[in-house]
Each structure stands twice: as structure tokens, then as C-alpha cells.
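In the text below, chain A, chain B and the rest are named by the order of the sequence lines, each starting its count at 1.
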Amino acid sequence: MAAKPSIPKGTRDFGPEQMVRRNYIFDTIRQVFNRYGYQPIETPAMENLSTLLGKYGDEGDKLLFKILNSGDFIDKVDANKLKPGNSNAIALDISEKGLRYDLTVPFARFVVQNQNDITFPFKRYQIQPVWRADRPQKGRYREFYQCDVDVIGSNSLLNETELALIINEVFEKLKIRTILKLNNRKILSGIAEVIGESQRLTDITVAIDKIEKIGLEAVNNELRSKGVAEDAIVKLQPIITLSGTNTEKLDTLKGVLAMSETGLRGITEMEEILGYIAENGSLTTTIEIDLSLARGLNYYTGAIFEVKAADTEMGSICGGGRYDDLTGIFGLKNVSGVGVSFGADRIYDVMLQLNLFPESLLASTQVMFANFGNKEAAYCLKAIRALRDSGISTELYPDAAKMKKQFDYANGHKIKFVVIAGDNEVKENLLSVKNMETGQQTTIAYSQISNYISENI
RNA sequence: GUGGAUGUAGCUCAGUUGGUUAGAGCAUCAGAUUGUGGUUCUGAGGGUCGCCGGUUCGAACCCGGUCUUCCACCCCA
């Protein structure tokens, strides 16, 4: 009578095949992070709501999963507030913990809390799930993994450069063609400042972003409807239509931002980062200045990164930026950090779509021994142990099933070698080895099994 | 959170104006083949038609609700 079991909307189970592929992504990312000298940390799935609230804007606060207090939580609520439609007002009375929304804010909290034990600059990475009460869509889940790398306690633009190289290296290893979009909060501030619309920075950025989709005239109309002054819109034209190479874009911007100290500083930063990156030689990732990149505008103060897969329509698969004062909210001033976050689940979706996972991932076992019965199986055990000892993953089919079934199993698991040991082999102290890819079968001396497999694998 | 689609076997999908025991391909299992797979042939199992309710003599089909997945907006990995 039990109802069909299910899992919450936007969450997923991962079977063996998916886990092998996910681990391939995580291992690749972790390996690159380690190579650049970043150290791992983990933080709890839940944080105090006071840590989380107000860090992601109103929109972000709405997307936080809140955890109900233990005990008779309703008992402590003011009776006057307990009425229908008043959920928001009592939310904080019945909940003091929430699931983490990203890894950056918990990291900031971690740094402040452990500041006396940390040697700065602190380079850390963190690979854990985060939760958002968003409406799920393709590539958008309510539980998903982020892989964050940050360096905190250093203002050097070499850090931005390093992150760009990490991004390049990760996606090169995963064979995903990518475009790394770069922007800088200081340039955006400069633009708003120059046209006298500093308070409408977000509206302007959002509008510029739509140029491809809706065209210049529609963008200008949208700016007007947002209340941007007419002469400001005129000044904005060269920026909205900004195009060309990165150098050309920066040249145009220099002209427009000549009167803004902040804006010019942003340009200098951008040039410095691009210069360092150029010193590293050619990258597989295309780097492109994109002023419409407005992500995380709330706390980013310098460089802003976003990575898109070149060959799919998937949203961004990696993003981040520089934040000068993230730990300030938790009481540690003047500590600047910069970091990016890889979206493992979207990377998975992209790789699946583009068929980029190596076939070999699915082959967990290299050699399978067919089972002809108890006596024959026992005969195989020493050979199996020898193979395992030499690092070859080996299994013995557990039942004396029909050969067809055993061979089907080997095929299904993409096992390359099947070892056959029936009556004939046992009598002569031999083993027959069949290569499932070529169909060739060879009979060898029992003691030669490790050597034979090692040589032919 | 707003608006719009979707759901039939493990998977991909048929299913007539509402009319008896809801079908196909692939996959699975069994047999042809008691020591040899990926090809072939034969057969079998597997579905409360997402769930709940309503209309009707009768619902996979019509209506309402609900859940899931997906799309647009918002936002974002």
C-alpha cells in the first residue's frame, strides 16, 4: 500500500555510471587546484541564518532553504503574528538555521572565525553541495555541487591571472571548448559615473546585456523606461555597441571613461590581467571582455569572471570575481579576496551532451574469471589474487551460470579480458584468456597470468 | 515567485469522435546452443495509463486539483 517513494523537486540520485563520471570531473578539478597550491576545506551543510541572510540580495534571501527549529517551535512565536499570510514575519521566529546557498559566504565566515590560525594569503578550495529553493529547469537544480577556489588576503592581480589559468587548464583537461568572459566592476561604476547615473548601474548592465537579443533601439527604450536621462543614453551609445578585439574595446572605453578615476583604474586592472595572461603563452580558452556581465554585482569590486561552454546553450558553467570586503560583514576589515566557482552539475550536463566522457571510465574491472563451479572457481583464486596484487582490477563471476550469461555480464561491464578455467585447464594447470574486443583466445600457463595480462592490457 | 506546456512498460514512443482483455521498437529474462559474448531465430515477464477526485452506462482520452519534468520571465552554477 506504500505510495511510490520519491525525492524532492530539483534533487537527484546518482547511479554508479553517473558517479564514475562525476568523480572524473571532481578529480580533474581537484588535481588542478592542488597543482596551483590550493588547500581543501569543508564547512557544514547548514549555517546560522544570520550568516546567510542579507548576503545575496532580496532575491537570494527568498531562495534560502530554512530549517525548522527543534522542539515546540511554534510556542515561542508571538501569538499576534500567527495568522495566515504572515509566514515571512514569523520565519525568523521558527527558524535559525539554513542550508548553505553558496560556498563563498561560508568561506568568508570560516576565514573570520579562524583568522588567527590562517596564514595569509590563504589559498583554499572547497567542493561541496549547495542548495537553492529555486524553480528547477534544465541545468538548474535545487541541490548542486560547487567547486570553489579562492585566494584571500592578497590584492595582487596575479591571483586573477592564476584563476584564469586554472579555468583554462580545467576545461582543457575536460576537453570542453570555453569562452572566458571578463568584466570589471570598476569599469561598470565608471560608466555609470560618467553618464551621471551611478544609482542605476544594474539596470544599465541588464539593458546592455540584451543588445544581441532585442537590438539597439529596444535597449535604449528600456533604458528610458527605467528612468535613465536622455543625455546619459546618448553618452552610453559607444558602450552599448562596444565591439572588436579586447584591445579595441579597451581603447574605446579609455575615451569614454577619461573623466572617471575609478573607471580608468578598472581599465588598468583589466590590461594588467590580460598582460599577465598573455605572458603565459596561448590558452585554449577564448578570453573576451564583456561589459554585460553583471553577476554577483552585489559584492564584487574588481574583476568579474564567467565561463560559457562554446558548443552548447547551457548557462554559465563557472563564475566568480574579486571582492574587497566580503569578510567585512563578519568583522574582519581590509581583507581582499578573489575566487571562482565551477558548477560541477552543469559541467556534467555539457559533457554528456557533447559526448566528452571517455569510454574507459565505465570499465571498472579489467579481468573477469568465468565460473565453472566450486572446484574450478577455487582453482582461480590464486591467479585472481596475483592479478589484484599487480594492480589489475579483477573479479570472479559469483555463480556457475551459463557461459552466455557470464559473457553477457563481461560485455555489459566493458570488461576486456575473460579468463576461462574449466576441467581441461585445471587438469593441465593452465588458464585460457579471451580478449573480448578482438575475440582472440590464448591458453597460457597458470603462473603466467599476471605477466600475460600486464603485457596485453 | 509569475505565465505556459508535459506525464502511457526499465528506455524511446503509438493509442481512432470516450467503447471489451492498452500496443510497437529497444532493453531484460528464458530457450534454440550443458565450455565461449557483442549477429540471428523463438518465446516470456513487465503498465494502479503520474497521483487524487469529478462528469459518464462506460475515461489513457473530457473537467478540477495535486505532484514531476520542461520552457519563458526573474535570478543564477
Side-chain angles (χ1 to χ4, degrees), chain A residues 1-12 15 25 29 56-64 87-88 100-104 127-148 167 202 205-206 209-210 213 293-298 305-309 313-320 339-350 368-373 376 397 400-426 430-443:
Chain A
M1 254 357 209
K4 266 185 195 163
S6 65
I7 53 176
K9 190 200 304 213
T11 66
R12 296 146 303 152
I25 294 173
I29 289 174
Y56 310 105
D58 293 341
E59 203 64 41
D61 286 353
K62 276 189 235 162
L63 298 180
L64 282 174
S87 308
N88 284 338
R100 75 166 95 80
Y101 177 89
D102 71 359
L103 300 178
T104 307
I127 299 178
Q128 290 190 273
V130 303
W131 294 270
R132 296 183 188 178
D134 208 352
R135 182 175 294 203
Q137 279 180 36
K138 201 175 199 64
R140 174 178 296 201
Y141 307 100
R142 294 180 121 178
E143 177 184 63
F144 61 96
Y145 273 73
Q146 291 193 327
C147 313
D148 273 33
I167 288 169
T202 308
T205 317
V206 168
D209 187 34
K210 294 181 181 165
K213 213 189 288 180
L293 223 179
R295 66 177 17 270
L297 222 47
N298 290 333
F305 301 93
E306 177 166 305
V307 180
K308 292 200 158 184
E313 290 302 305
M314 187 67 62
S316 76
I317 52 177
C318 175
V340 295
S341 177
F342 291 78
D345 302 82
R346 282 191 180 174
I347 292 173
Y348 179 97
D349 290 344
V350 167
M368 187 195 87
F369 280 64
N371 187 326
F372 284 81
E376 292 87 346
Y397 195 88
K402 285 189 175 144
M403 278 305 107
K404 175 173 165 51
K405 191 172 164 78
Q406 300 198 34
F407 275 76
D408 278 344
Y409 176 90
N411 268 333
H413 288 78
K414 302 205 185 326
I415 296 170
K416 186 170 175 184
F417 293 103
V418 171
V419 178
I420 295 139
D423 252 0
N424 304 338
E425 284 84 358
V426 173
L430 299 170
L431 291 169
S432 294
V433 182
K434 175 155 183 162
N435 182 324
M436 296 297 279
E437 289 163 9
T438 63
Q440 281 182 332
Q441 188 169 323
T442 316
T443 300

On a plain distance test, is the side chain of [X] in donor-acceptor contact with the base of [N] below 3.5 Å?
{"X": "A/N424", "N": "B/G35", "answer": "yes"}
{"X": "A/E425", "N": "B/G35", "answer": "yes"}
{"X": "A/K434", "N": "B/G37", "answer": "yes"}

When the [atom1] atoms of [N] and [M] are considered, how many whole Å apart are they?
{"N": "B/A44", "M": "B/C62", "atom1": "C1'", "result": "37 Å"}
{"N": "B/U16", "M": "B/A30", "atom1": "C1'", "result": "36 Å"}
{"N": "B/C61", "M": "B/U17", "atom1": "C1'", "result": "11 Å"}
{"N": "B/G18", "M": "B/A24", "atom1": "P", "result": "25 Å"}
{"N": "B/C49", "M": "B/G23", "atom1": "P", "result": "14 Å"}
{"N": "B/A22", "M": "B/G46", "atom1": "P", "result": "13 Å"}
{"N": "B/A5", "M": "B/C63", "atom1": "P", "result": "12 Å"}
{"N": "B/G38", "M": "B/G47", "atom1": "P", "result": "28 Å"}

Base, sugar-phosphate, or nothing: which does [X] touch, judged by heavy atoms less than 4.0 Å apart?
{"X": "A/I317", "value": "sugar-phosphate"}
{"X": "A/Q441", "value": "base"}
{"X": "A/G315", "value": "nothing"}
{"X": "A/Y145", "value": "nothing"}
{"X": "A/D423", "value": "base"}
{"X": "A/M436", "value": "base"}
{"X": "A/E376", "value": "nothing"}

For A/L103 versus A/V130, what's the shortest heavy-atom pair and its separation?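 Answer, listing the atom of A/L103 first, then A/V130: CD2-CG1, 3.8 Å.
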
Search all heavy atoms of A/Y101 against all heavy atoms of A/R132 and return the closest pair with its distance.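 Smallest heavy-atom distance, with atoms named: O-NE, 3.0 Å.
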
Without decimals, in angstroms, what is the distance between [X] [atom1] and [N] [atom2]?
{"X": "A/E437", "N": "B/G37", "atom1": "CD", "atom2": "P", "answer": "17 Å"}
{"X": "A/K62", "N": "B/G1", "atom1": "NZ", "atom2": "P", "answer": "10 Å"}
{"X": "A/D148", "N": "B/A77", "atom1": "CG", "atom2": "P", "answer": "10 Å"}
{"X": "A/N435", "N": "B/U36", "atom1": "CG", "atom2": "C1'", "answer": "13 Å"}
{"X": "A/Y101", "N": "B/A77", "atom1": "OH", "atom2": "C1'", "answer": "10 Å"}
{"X": "A/L63", "N": "B/A77", "atom1": "CG", "atom2": "P", "answer": "11 Å"}
{"X": "A/D134", "N": "B/C73", "atom1": "CG", "atom2": "C1'", "answer": "12 Å"}
{"X": "A/M368", "N": "B/U36", "atom1": "CE", "atom2": "C1'", "answer": "10 Å"}

Is the closest side-chain heavy-atom distance between A/F372 and A/D423 below 4.5 Å?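 The answer is no, as the side chains (C-beta and beyond) never meet within the 4.5 Å cut-off.
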
Nucleotide N/O of nucleotides 68-72 of chain B paired with protein N/O under 3.5 Å:
residue: B/U68; atom: OP2; partner: A/K9; partner atom: NZ; Å: 3.1
residue: B/U69; atom: OP1; partner: A/G10; partner atom: N; Å: 3.1
residue: B/C71; atom: OP2; partner: A/K138; partner atom: N; Å: 2.6

Which is it for A/N435 and A/K416 under the side chain to side chain contact (heavy atoms under 4.5 Å, CB included) test, yes or no, and what are the steps along the way? CA-CA 6 Å; A/N435 182 324; A/K416 186 170 175 184; 3.9 Å; yes

Which residues share a salt bridge (Lys or Arg N to Asp or Glu O under 4.0 Å) with A/K404, sequence neighbours left out: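 Partners of A/K404 by the salt bridge (Lys or Arg N to Asp or Glu O under 4.0 Å) criterion, ordered by chain and then number, come out as A/D408.
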
Partner set under salt bridge (Lys or Arg N to Asp or Glu O under 4.0 Å) for A/R142, not counting sequence neighbours: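 Once residues adjacent in sequence are excluded, A/R142 has no partner under the salt bridge (Lys or Arg N to Asp or Glu O under 4.0 Å) criterion.
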
Worked check of side chain to side chain contact (heavy atoms under 4.5 Å, CB included) between A/R100 and A/Q128: CA-CA 10 Å; A/R100 75 166 95 80; A/Q128 290 190 273; 3.1 Å; yes

Between the base of B/A77 and the ring of A/F144 - centre-to-centre under 5.5 Å, planes within under 30° - is that a stack?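 It does: the ring sits over the base of B/A77.
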
CE-NZ distance between A/M436 and A/K414, expressed to the nearest 0.5 angstrom: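 Going from CE on A/M436 over to NZ on A/K414, the span is 11.5 Å.
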
Nearest-0.5 Å distance, CD of residue A/Q406 to CE of residue A/M368: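 Reported to 0.5 Å precision, the distance equals 5.5 Å.
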
OP1 or OP2 of B/G35 sitting under 4.0 Å from any side-chain N/O of A/K404?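 It does not, given that no N or O in the side chain of A/K404 lies less than 4.0 Å from OP1 or OP2 of B/G35.
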
Check: A/E425/A/S432 side-chain N/O donor and acceptor closer than 3.5 Å: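 Looking only at side-chain atoms, A/S432 and A/E425 do form a donor-acceptor pair, the distance falling under 3.5 Å.
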
Decide yes or no on side chain to side chain contact (heavy atoms under 4.5 Å, CB included) for A/T104 and A/Y56, but give the supporting numbers first. CA-CA 11 Å; A/T104 307; A/Y56 310 105; over 6 Å; no

Among A/I25, A/V340, A/I127, exactly one meets side-chain contact (heavy atoms from CB on, under 4.5 Å) together with A/C147. Which residue is that?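 By the side-chain contact (heavy atoms from CB on, under 4.5 Å) criterion, A/C147 pairs with just one of A/I25, A/V340, A/I127: A/I127.
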
Tabulate below the donor-acceptor pairs under 3.5 Å that side-chain atoms of residues 341-348 of chain A make, not counting sequence neighbours, or state none.
residue: A/S341; atom: OG; partner: A/D148; partner atom: OD1; Å: 2.6
residue: A/D345; atom: OD1; partner: A/Y145; partner atom: N; Å: 2.6
residue: A/D345; atom: OD2; partner: A/R12; partner atom: NH1; Å: 3.3
residue: A/D345; atom: OD2; partner: A/R12; partner atom: NH2; Å: 2.7
residue: A/D345; atom: OD2; partner: A/R22; partner atom: NH1; Å: 3.0
residue: A/R346; atom: NE; partner: A/G139; partner atom: O; Å: 2.6
residue: A/R346; atom: NH1; partner: A/S316; partner atom: O; Å: 3.1
residue: A/R346; atom: NH2; partner: A/G139; partner atom: O; Å: 3.1

Quick check: on RNA chain B, is the nucleotide nearest A/E59 upstream (toward 5') of the one nearest A/K402, or the reverse? Name the residue that is more 5'.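 It is A/K402, whose closest nucleotide lies nearer the 5' terminus.
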
For RNA chain B, find the residues of residues 411-418 of chain A with a heavy-atom distance under 4.0 Å and give them by number; none if there aren't any.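 Within this stretch, A/N411 sit under 4.0 Å of the strand.
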
For RNA chain B, the dot-bracket pattern of Watson-Crick and G-U pairs whose distances stay under 3.5 Å, | for other-strand partners: (((((.(..((((.....[...)))).(((((.......))))).....(((((..]....)))))).)))))....

Under 30°, 30 to 60°, or over 60°: which ring-plane class applies to A/Y409 and A/Y397, parallel, tilted or perpendicular?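 A/Y409 vs A/Y397 ring planes: perpendicular.
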
